[in-house]
Amino acid sequence: MSSQDTKLKQKKSVELDKKSSFVNSGPVHLTTVNWKNVNHRRIIAASLVSGTYVLELDRQENRQDSEALAPQWWEFFNFELFYPLIDTHDFSIFGAVYEFKPKDFNYCQPGIIPQFVIAFRGTTLKKHSVSQDLWLDLNIIKHGLHQSNRYGVALQAVQTMVSAVGASNVWMAGHSLGSSIAMLVGKNMAKMGNYLETYLFSSPFIRPPIEKIESEKVKCGVRFASSLVKAGITVAIKGMKDNRDPEDPFKALSAWVPKLFVNPDDHICSEYIGYFEHRDRMEYYGFSGIETLATQTSVTGLLKSAIGRESEVIHVVPSANLTINRSPTWELPTFMQAHGLQQWLKEDLRLQSKVYQYGL
């Protein structure tokens with residue numbers, strides 16, 4: 001390796017360390033936390049997810065004890081690492097369970113301050129974890145994430161914590177791939193009547209980027225046609241199944257309202273904007289029956305179901321508190337920044353929020 005290559009590698013390493021360092025990249029301004037402030041809660045959840053990313057980077061870079069950068073991300077907010085979540089295929093750290101340990105023991109407020117937060121990172125491009133991360137990304141597209149080892153480990157961790165302290169004392173948070181894991185776990189916990197406060201940053205929505213179509217009329221037409229197709233396929237499949245479940249699966253999940261954080265310039269998650277707006281529009285114009293059938297799945301999921309293949313469509317969710325980052329686009333000039341977690345660590349964002357409650 002030439003001296004120039006060595007210098008370039010060292011420069012990249014320094015830049016990576018700066019991004020991983022809480023002092024350089026974290027919300028150091030948040031020295032006083034108001035747990036009733038929704039922005040503070042969002043920033044803390046995003047910081048714990050960042051800590052999970054850095055925990056894996058520390059492992060790969062063999063940074064230990066005083067050299068480790070990850071602890072800064074949770075200790076600043078009086079959390080401790082309870083235990084990491086390990087993927088048994090590549091032994092990477094994909095998640096972490098954090099326990100709130102305030103210095104003032106009178107500081108605990110059940111239902112407001114979580115006792116435990118379970119956070120899941122997204123895809124990393126580091127050599128010891130990238131292949132497994134990308135494989136799981138592919139499984140999100142194929143609606144097969146529920147069959148992965150990583151999902152099983154995550155679900156077991158959440159169930160254990162909820163059994164120990166109750167759902168009201170446990171939060172979940174995730175970014176990108178980690179957000180899909182949290183979404184899937186949250187859905188299955190909700191089916192059992194456990195509604196966890198959940199922060200989903202840049203959660204993938206598997207559909208062509210209709211939201212990028214400039215013409216509003218064309219955009220609405222494409223969405224309406226898609227709803228008709230999905231509703232038609234759903235009716236056809238139900239007609240073929242003699243033992244179908246008569247219960248509305250969305251109704252069972254409707255009480256769970258995860259917090260979705262999206263950027264309109266991020267084509268991986270921006271479809272959530274159109275998904276919920278279209279649902280409201282269909283109901284307003286009297287097409288709620290069609291949309292009730294169409295909104296619960298995807299065409300890919302329906303076709304897999306038709307040929308008897310098991311699938312679990314992660315991205316469709318009945319209810320959500322949708323928050324859109326409407327900050328000027330020049331502040332986030334690239335796709336990676338629009339998809340990135342860093343934006344949600346800021347307090348001075350122009351945010352637009354709306355709660356969508358299914359069945360109301």
Side-chain angles (χ1 to χ4, degrees), residues 16 20 45 48-65 68-71 73-74 79-99 116-165 170-192 194 196 198-204 206 304 309-315 341:
L16 184 62
S20 299
L48 295 178
V49 176
S50 291
T52 307
Y53 272 106
V54 182
L55 196 61
E56 170 58 14
L57 294 178
D58 280 349
R59 182 189 74 88
Q60 294 200 30
E61 298 293 332
N62 198 29
R63 294 190 294 243
Q64 301 178 25
D65 302 323
L69 298 176
W73 289 91
W74 56 79
F79 281 88
E80 291 182 1
L81 177 64
F82 197 58
Y83 64 90
L85 302 178
I86 310 296
D87 188 313
T88 56
H89 286 288
D90 61 1
F91 302 103
S92 66
I93 299 171
F94 73 91
V97 180
Y98 301 104
E99 184 177 11
F116 290 95
V117 178
I118 304 170
F120 308 101
R121 67 167 176 84
T123 302
T124 67
L125 298 180
K126 299 292 286 183
K127 63 180 180 180
H128 296 301
S129 56
V130 63
S131 59
Q132 178 68 359
D133 287 353
L134 292 177
W135 172 250
L136 291 168
D137 289 334
L138 180 61
N139 272 274
I140 293 175
I141 299 172
K142 294 164 58 179
H143 306 308
L145 187 64
H146 63 292
Q147 297 172 324
S148 69
N149 160 266
R150 197 172 288 191
Y151 164 70
V153 172
L155 180 61
Q156 182 61 53
V158 173
Q159 288 177 330
T160 299
M161 291 298 102
V162 169
S163 296
V165 300
V170 179
W171 285 10
M172 281 196 302
H175 173 249
S176 196
L177 167 60
S179 189
S180 289
I181 293 173
M183 174 78 85
L184 192 53
V185 172
K187 280 185 174 183
N188 282 280
M189 294 301 293
K191 290 175 184 176
M192 296 182 284
N194 296 308
L196 278 69
T198 306
Y199 294 78
L200 305 172
F201 302 99
S202 307
S203 191
I206 309 305
K304 289 183 75 172
R309 294 182 61 185
E310 184 187 356
S311 70
E312 175 113 20
V313 181
I314 302 168
H315 61 266
L341 183 61

Requested in this report: Tell me, with the steps shown, if S163 and Q159 meet side-chain hydrogen bond (donor to acceptor under 3.5 Å, both in side chains).
Outcome: CA-CA 6 Å; S163 296; Q159 288 177 330; over 6 Å; no

Query raised in the report: Can you check whether A70's main-chain N or O pairs, donor with acceptor, with D58's side chain at less than 3.5 Å?
Result: yes

Report task. Check ring pair (Phe, Tyr, Trp, His ring centres under 6.0 Å) between F91 and all other residues, then give those that pass, not counting sequence neighbours. Result -> none

**Report entry** Short side-chain donor-acceptor distance under 3.5 Å, N62 and Q60
**Finding:** no

**Report entry** S129 side chain to S92 side chain, donor-acceptor N/O pair below 3.5 angstrom
**Finding:** no

Query - Any residue meeting ring pair (Phe, Tyr, Trp, His ring centres under 6.0 Å) with Y151, in chain and number order, not counting sequence neighbours - result: none

Query - side-chain contact (heavy atoms from CB on, under 4.5 Å) assessment of F94 paired with V153 - result: CA-CA 10 Å; F94 73 91; V153 172; 3.8 Å; yes

**Report entry** Heavy-atom side-chain proximity of I314 to L145 below 4.5 angstrom
**Finding:** yes

**Report entry** Donor-acceptor contact present, side-chain N149 to main-chain T88, <3.5 Å
**Finding:** yes

Query raised in the report: Are W171 and Y199 close enough that their ring centers fall under 6.0 Å?
Result: yes

Requested in this report: Please confirm whether F116 and F82 have ring centers closer than 6.0 angstrom.
Outcome: yes

Query raised in the report: Once you round to the nearest 0.5 Å, how far does CD of Q147 lie from NZ of K142?
Result: 9.0 Å

Requested in this report: Apply side-chain contact (heavy atoms from CB on, under 4.5 Å) to the pair V130 and T124, showing each step before the final yes or no.
Outcome: CA-CA 6 Å; V130 63; T124 67; 5.5 Å; no

**Report entry** Electrostatic pair K126-D133, nearest N-O below 4.0 angstrom
**Finding:** no

Query raised in the report: NE2/H128 to CD/E61 distance, rounded to the nearest 0.5 angstrom?
Result: 8.5 Å

Query raised in the report: Below 4.5 Å, heavy atoms only, C-beta onward: do L55 and L81 meet side chain to side chain?
Result: yes

Requested in this report: Check the side chains of T52 and E56 for a donor-acceptor pair under 3.5 angstrom, ignoring hydrogens and angles.
Outcome: no

**Report entry** Sequence-distant partners of V162, side-chain contact (heavy atoms from CB on, under 4.5 Å), two or more places apart
**Finding:** V158, A167, V170, M189, N194, L196

